[in-house]
Amino acid sequence: MDRQRPNPASRAARAEALSGREGLGYVARVTEEPTAQSEAETDPLLAPLNEHQRQAVKHGDGPLLVLAGAGSGKTRVITHRVAWLVERRGVAPWHILAVTFTNKAAGEMRERLERLLGPAGAEVQVSTFHAAGATLLRREAERVGLTRSFVIYDDSDQLQLIRRAMKEEGVFEDIKPKTVRQRIDDAKNRAWLPEDLAVGTHDRVGQAVRRVYARYQRLLRAANAVDFGDLLLELVLLFKRHPDVLERYRRRFEYVLVDEFQDTNPVQYELLKLLCPKSRANLCVVGDDDQSIYRWRGADPSNILSFERDFPGAETVKLERNYRSDAGILDAAYAVISKNARRKEKRLWTDRPKGEPLRILFAPDERAEAQLVAAQARELASQGVPYSEIAIFYRVNAQSRVVEEAMRLSGLPYRVVRGRAFYERAEIKDAAAYLRLAVNPRSDADLERVINTPARGIGATTIERLRGFAQSEELSLYEALAHAGHVPGLNAGAQRRLRAFRDLVDALSSEAAAAGEAGTAVERIVEKSGLIAALVAEQTKEADERTENLREFIGAAFEYDRLHAAGELVGAEGSEEGPLKLAQTPLEAFLEQISLVGDADSEDDSGRVSLMTLHAAKGLEFDAVFMTGMEESVFPHSRALGGESGGVDPEELAEERRLCYVGITRARRRLWFTLAQQRALFGNLQLNDPSRFLADVPRELFDLGAPAAAVQAERHEPGELYVEREDEVDLGDDDGFVVTDEFDQRPEWERRRELERKAEKPPEPLRRRPEVAVPTVGARVRHEQFGDGLVVGSAGGGGPNASVRVRFPGLGERKIVARFLKPL
DNA sequence: CAGCCAACTGAACAC
DNA sequence: CAGTTGGCTG
């Protein structure tokens with residue numbers, strides 16, 4: 001918000017503040033703060049900016065590179081620059097394209113622009129790379145062999161189709177579909193077509209990938225579908241093949257601004273270079289190589305380095321003044337990031353005081369770690385820190401479960417910021433598949449997903465035959481359904497069921513076409529699909545939950561309608577004036593959103609503690625931040641460390657380091673690092689050393705024994721942590737919780753050996769739930785909620801989660817986990 | 001030939 | 001611990 005506004009402090013005051021930081025290794029770079037120019041003082045677009053920011057905002061035509069450190073006010077620079085272009089330079093807002101990486105960032109930018117520019121702000125084209133790609137690709141769909149109702153396949157649809165392509169290409173061997181997907185994605189990120197893959201004669205995997213890639217593309221096209229990579233790649237190809245189309249968009253987007261430029265992959269960069277020809281490139285890119293954390297997605301931070309070469313005459317502006325964090329936090333961040341080789345040297349500075357010391361919380365295991373964090377969060381709240389200003393970060397989503405548990409246990413309000421979890425639920429994906437099928441019946445992947453969901457007696461064999469027929473006749477599965485009678489090997493029953501399914505799809509299509517709103521369409525289609533009916537019939541707790549999710553999904557569609565006043569997106573396309581719009585039905589637009597956005601919970605997120613991965617944290621800021629799991633092989637992730645096979649991957653490790661830098665720089669005032677001595681992750685026990693990143697932070701930045709600190713640390717050998725003392729942390733009377741007296745300094749093998757000695761078999765004390773006798777069929781049992789019932793069968797599951805089917809009088813049968821039952 | 005269960009495998013980050 | 005696969009039964 002307004003935290004980035006520089007204090008109108010006088011030069012003298014600033015000098016004073018600076019002098020107070022001596023001895024902390026500060027580099028005072030504050031040399032050329034301006035003597036105010038009258039324009040800068042009076043112009044509301046410039047007044048809140050420092051000299052470097054102004055320079056970027058006022059930059060005229062031609063390429064501009066802004067190297068913007070964390071918290072240096074880069075979003076402010078971008079929005080003010082857009083406003084400057086519109087208000088001072090008279091550029092029509094729809095001639096400006098601003099690209100971000102996340103939907104969150106795009107939303108925030110739109111909001112800020114509307115605040116700065118009023119209604120004109122809404123006419124600026126602000127979107128993510130992929131969303132912009134989807135819009136343009138739809139407009140030009142016919143040119144690349146798609147219709148404009150093409151569907152966007154997500155990772156799992158993609159995987160399914162790749163499996164298919166592998167089968168058809170006769171590729172089984174021991175190549176995993178996921179490996180192939182990775183290779184195809186990599187290729188697409190580099191704008192390589194199958195024939196561009198350099199494959200040696202002895203590279204059997206490479207050759208297989210090439211064939212599968214080619215066939216996969218044909219399957220996608222036949223299904224009128226694209227994957228995420230295609231949204232950008234197809235556009236690049238289109239622009240290269242149709243210079244007239246490219247020219248049209250070049251004129252449309254006179255000014256292009258790119259946020260998080262360090263995260264662009266080669267295709268994205270290619271796209272930018274196409275849209276902004278050197279001769280008249282009004283391209284402004286803003287980035288920070290230290291915050292490049294999407295290497296695995298093909299991002300190439302060296303794009304930053306190539307920019308000045310690719311766009312000769314580019315002006316470069318560096319923003320190093322940080323408006324967010326206390327000095328101690330910046331020191332820690334610098335200590336971590338400066339260990340990376342090959343980075344553009346820059347160091348954030350602030351005139352804020354050093355602030356609170358950093359803290360380390362050390363716990364015996366991950367549950368205790370979570371409880372420590374929760375206890376500390378509650379303490380903060382009692383000191384008046386709003387929940388919404390507290391964030392808990394972790395490296396992998398799998399860590400969130402324990403933290404959530406602890407939060408619930410402590411009664412703290414929280415929200416989990418998670419990309420697309422909601423849309424990854426099976427029932428939601430089923431519903432979405434029905435919707436997409438209604439819009440685009442050619443989508444084989446969607447059809448296959450739902451043809452027997454809910455069960456319609458159409459099994460694998462029937463589908464296989466149908467597919468064989470479709471393939472030989474070059475039809476989509478949907479088209480093949482119309483000829484069920486001609487499919488060899490199908491008996492009358494199967495034919496009847498297939499026809500019935502085709503009738504269903506047709507009925508859904510008419511619903512889709514008839515409905516004026518997304519909400520009604522989704523409601524009708526989900527209703528007609530039979531998904532809800534099947535779940536209701538199941539009468540189990542899980543099924544009830546799923547039904548609930550489907551209702552929420554329908555609710556989300558109605559909410560979508562509410563936010564996008566009906567008709568707004570329909571019609572009005574093609575004009576070269578005004579914002580770029582797409583003729584789509586509300587249902588289509590809603591589908592687009594769920595493919596590209598994914599986050600359904602519009603729940604009010606104020607007043608809650610935020611839980612998220614470090615990746616999701618980029619671009620955000622909080623008063624208090626907890627970085628959890630500060631252990632080797634958790635963070636840095638084991639993948640960067642190589643594990644058993646091979647050693648450390650320096651590139652990966654550098655990226656982990658940047659991720660750590662991103663996490664640290666999210667904090668304004670308070671920062672905790674937390675770690676556990678032993679951790680159960682993915683079901684097995686790990687004894688990890690403290691993260692090497694902890695050892696990189698100078699010890700004098702840490703607390704030396706404040707009451708709230710559990711431990712305090714001293715630097716030792718890299719990766720080791722020596723704990724001198726700790727004070728008690730009040731965790732309430734939770735049973736079984738112990739704060740360790742001392743951190744065990746012995747090397748891991750020694751600790752492990754002792755554990756093994758003690759436990760005679762290797763340490764697996766985690767997850768040791770009590771074994772529960774599974775009630776036998778016929779037994780009478782009591783359930784706390786449902787009352788007395790009769791066990792009528794086993795319902796699967798093993799060990800502590802074994803469940804049985806129980807018939808309760810008046811309630812019907814329910815699936816119950818056995819340990820919740822008392823024998824009568 | 002559909003549906004169920006047991007066993008196996010493999011497991012970041014997310015548009 | 002999930003999602004997928006293979007074998008068995010009705």
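Source: prediction; values computed, not measured. Residue numbers begin at 1 in each chain, while the letters A, B, ... track the order of the sequences.
Nucleic acid contact class of Arg401(A) (heavy atoms, under 4.0 Å, all strands): sugar-phosphate only. Contact annotation for Glu656(A): base contact, defined as any heavy-atom pair under 4.0 Å involving a base atom. When heavy atoms are screened at a 4.0 angstrom cut-off, Glu652(A) is found touching base atoms of the nucleic acid. Among the protein residues, Phe129(A) comes within range of no part of the nucleic acid, since none of its heavy atoms lies under 4.0 Å from any strand. Backbone-only engagement by Ala455(A) is indicated by non-hydrogen atom pairs under 4.0 Å involving sugar-phosphate atoms exclusively. Nucleic acid contact class of Ala460(A) (heavy atoms, under 4.0 Å, all strands): sugar-phosphate only.
Using a 4.0 Å cut-off between charged side-chain N and carboxylate O, Arg408(A) and Glu405(A) make no salt bridge. A salt bridge does not link Glu140(A) to Arg148(A): none of the charged side-chain nitrogens sits closer than 4.0 Å to a carboxylate oxygen. A salt bridge is defined here as a Lys NZ or Arg NE, NH1 or NH2 lying under 4.0 Å from an Asp or Glu carboxylate O, and Asp300(A) with Arg295(A) fails to meet this definition.
Nearest nucleotide to the Val396(A) side chain, out of dC13(B), dA11(B), dC15(B): dC13(B). Closest contact between the side chain of Thr102(A) and the listed nucleotides dG3(B), dA11(B), dC15(B) involves dC15(B).
Positionally, the nearest nucleotide of DNA chain B for Gly459(A) lies more toward the 5' end than for the other of Phe101(A) and Gly459(A). Ranked by how close their nearest DNA chain B nucleotide is to the 5' end, Arg497(A) and Arg395(A) are led by Arg497(A).
Atom OH in Tyr661(A) sits about 20 Å away from atom C1' in dC13(B), given to the nearest Å. Atoms NZ (Lys178(A)) and C1' (dA12(B)) sit 11 Å apart, rounded to a whole Å. Residue Leu271(A) contributes atom CG, which lies 18 Å from atom P of dC15(B) at whole-angstrom precision. Counting to the nearest Å, the P atom of dC4(B) and the CG atom of Asn452(A) are 10 Å from each other. The distance between atom CZ of Phe393(A) and atom C1' of dC13(B), rounded to the nearest whole Å, is 14 Å. Computed from coordinates, the Asp263(A) CG to dC13(B) C1' distance equals 11 Å when rounded to whole Å. Here the P atom of nucleotide dA2(B) and the CG atom of Leu490(A) are 10 Å apart, to the nearest Å. As rounded to whole Å, 15 Å separates atom C1' of dC13(B) from atom CD of Gln291(A).
In terms of the side-chain contact (heavy atoms from CB on, under 4.5 Å) criterion, residue partners of Ala165(A) (sequence neighbours excluded) are, by chain and number, Val212(A), Arg215(A), Tyr216(A), Leu219(A). Considering only residues two or more places apart in sequence or on other chains, Arg190(A) meets the salt bridge (charged side-chain N to carboxylate O under 4.0 Å, His left out) condition with none of them.
Between Asn397(A) and dC13(B) there is a side-chain N or O to OP1 or OP2 distance below 4.0 Å. The phosphate of dA2(B) has OP1 or OP2 within less than 4.0 Å of a side-chain N or O from Thr461(A). OP1 or OP2 of dA12(B) has not a single side-chain nitrogen or oxygen of Thr613(A) nearer than 4.0 Å. Residue Arg465(A) has a polar side-chain atom (N or O) positioned under 4.0 Å from OP1 or OP2 of dC1(B).
In this structure, the side chain of Asp230(A) does not engage the main chain of Leu233(A) through any donor-acceptor pair within 3.5 Å.
Taking the ring centre of Tyr213(A) as origin, the terminal cationic atom of Arg183(A) falls outside the region bounded by 6.0 Å and 45° from the ring axis.
Between Tyr294(A) and dC13(B), no base-stacking contact is recorded for ring centres under 5.5 Å apart and planes less than 30° from parallel. Residue ring and nucleobase are not stacked for His615(A) and dA12(B) under a centre distance beneath 5.5 angstrom and an angle between planes beneath 30°.
Interface remark: the Arg639(A) side chain does form a donor-acceptor pair with the dA12(B) base, using a distance-only criterion of under 3.5 Å. Judged by distance alone, with hydrogens and angles left aside, Gln399(A) brings no side-chain donor or acceptor close enough to the base of dA12(B) to form a pair under 3.5 Å. If you check distances only, the side chain of Asp155(A) does reach the base of dC15(B) with a donor-acceptor pair under 3.5 Å.
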